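First up is the structure itself, then whatever we jot down about it.
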Amino acid sequence: MTAAIPLSEEKKTINGRLQGKVALITGGALGIGAACGELFAAQGASIAIADINLDAAKALASKIEAAGSQAIAMPLDVTRDIQCGNAADETRRKFGSIDILVNSAGVSARNIGNDMTFEQRWDRVIDVNLKGSVLMARHAVRHMQQQKNGSIVNIASIRGLIGYPDFMTDGFHPYPHSKGGVVNMTRDMAVGLARSGIRVNAVCPGFTHTDMTNAVSNDPELYKRIVGLHPIGRFAQPIEIARAALFLASDEASFVTGACLVIDGGFTAQ
């Protein structure tokens with residue numbers, strides 16, 4: 001059993017909150033994943049950036065290393081079990097452990113090929129967002145169980161808790177279907193892995209300025225309408241989501257597991 005950190009020691013953890021930790025981040029080259037990588041590195045972690053976009057992953061790894069932290073980049077299609085296993089094994093080989101997994105790889109139906117059938121689009125979104133998170137977690141857990149500790153942070157969505165507004169969906173949009181799975185996957189894994197010393201939590205972002213929301217941001221009327229649904233009056237920036245992921249990944253959240261932290265500018269509070 002891990003003892004709570006004494007109050008006298010708390011201020012020592014504020015800077016370098018992840019000192020000596022190793023974080024593997026899927027979808028880590030861009031958007032929320034990249035923000036997590038940079039922030040976690042600034043807090044003392046060594047970072048493994050795994051992404052299907054290897055060039056972007058390498059660029060971010062170079063940026064992190066130039067700032068004085070350790071980072072590696074590796075190619076990863078999270079829908080491929082062998083690739084997920086290789087990413088976990090390479091992270092462990094390079095850095096000696098996997099203390100944190102951030103499942104950030106994700107797609108939306110509006111960001112994949114328009115030439116796909118409904119079934120193909122639905123399968124692709126489910127495969128990346130849900131199956132990919134399960135496969136990567138399963139391989140990270142192999143190493144975390146040997147260490148008897150670890151923290152998994154799944155990037156879910158408020159769409160895992162509520163549907164889209166009616167003007168954005170016909171009821172068959174695969175994104176909320178996939179993220180609902182990620183939310184309940186988080187809870188089930190939290191219960192099943194707690195005895196192994198592994199915490200599993202999720203952040204549920206609302207609309208955030210990333211490549212995934214460019215289709216919305218680039219439509220002035222739609223963008224204005226959606227921004228108007230936010231009490232705070234804007235979309236989130238990726239760093240704002242990464243800060244919440246940092247808390248859940250860190251020892252500050254040592255008694256937090258199975259939580260789904262909503263970060264949405266008040267969208268779901270209405």
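Everything numeric here is computed off the predicted structure, so don't read it as measured data.
Under a hydrophobic clustering in which Ile, Leu, Val, Met, Phe, Trp and Tyr are joined whenever their side-chain heavy atoms come within less than 4.5 Å, directly or via other members, Val102 and Leu39 fall into the same cluster. Hydrophobic clustering (side-chain heavy atoms under 4.5 Å, transitive across Ile, Leu, Val, Met, Phe, Trp, Tyr) groups Phe40 together with Val153. The hydrophobic cluster containing Val134 also contains Ile198, counting ILVMFWY residues as joined when their side-chain heavy atoms lie under 4.5 angstrom apart, directly or transitively. Leu135 and Leu76 end up in different hydrophobic clusters when Ile, Leu, Val, Met, Phe, Trp and Tyr side chains are linked at under 4.5 Å.
Side chains of Thr79 and Asp127: a donor-acceptor N/O pair is absent below 3.5 angstrom, by distance only. Residues Asp264 and His230 have side chains that never bring a donor and an acceptor to within less than 3.5 angstrom of each other.
For the side-chain hydrogen bond (donor to acceptor under 3.5 Å, both in side chains) test, residues two or more places apart in sequence or in another chain that qualify with Tyr223 are His209.
Enclosure of atom CZ in Arg138 is not indicated, since only 12 or fewer non-hydrogen atoms of other residues, nucleotides or ligands lie within 6.0 angstrom. Within a 6.0 Å radius of CD in Glu119, other residues, nucleotides and ligands contribute 12 heavy atoms or fewer. By the 6.0 Å contact criterion, CZ on Phe167 is enclosed, its count of non-hydrogen atoms from other residues, nucleotides or ligands being greater than 12.
Between His139 and the options Asn86, Asp89, Thr91, Asp81, a side-chain hydrogen bond (donor to acceptor under 3.5 Å, both in side chains) holds for only Asp81.
Nearest approach of Tyr175 to Ser157, heavy atoms of both residues: CE2-OG, 3.7 Å. Nearest heavy-atom pair, Ala259 versus Asn201, reported as atom, atom and distance to 0.1 Å: N-OD1, 2.9 Å. Minimum interatomic distance between Ser133 and Val182 (heavy atoms only, all atoms of both residues): OG-CG2, 4.5 Å.
Looking only at side-chain heavy atoms (C-beta outward), Ile72 and Ile49 stay at 4.5 Å or farther from each other. Counting heavy atoms from C-beta on, the side chains of Ser69 and Glu38 never come closer than 4.5 Å. A 4.5 Å side-chain heavy-atom check between Val183 and Leu161 finds at least one atom pair inside the cut-off. Looking at heavy atoms from C-beta onward, Phe267 lies in side-chain contact with Phe207 at the 4.5 angstrom threshold.
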Show your reasoning for whether salt bridge (Lys or Arg N to Asp or Glu O under 4.0 Å) applies to Lys21 and Asp251. CA-CA 11 Å; Lys21 304 282 190 180; Asp251 291 339; 3.7 Å; yes
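At least one cation-pi condition fails for Arg124 and Phe118: the charged atom is not both under 6.0 angstrom from the six-membered ring centre and inside a 45 degree cone around its axis.
Using a 4.0 Å cut-off between a side-chain N of Lys or Arg and a carboxylate O of Asp or Glu, Glu90 and Arg93 qualify as a salt bridge.
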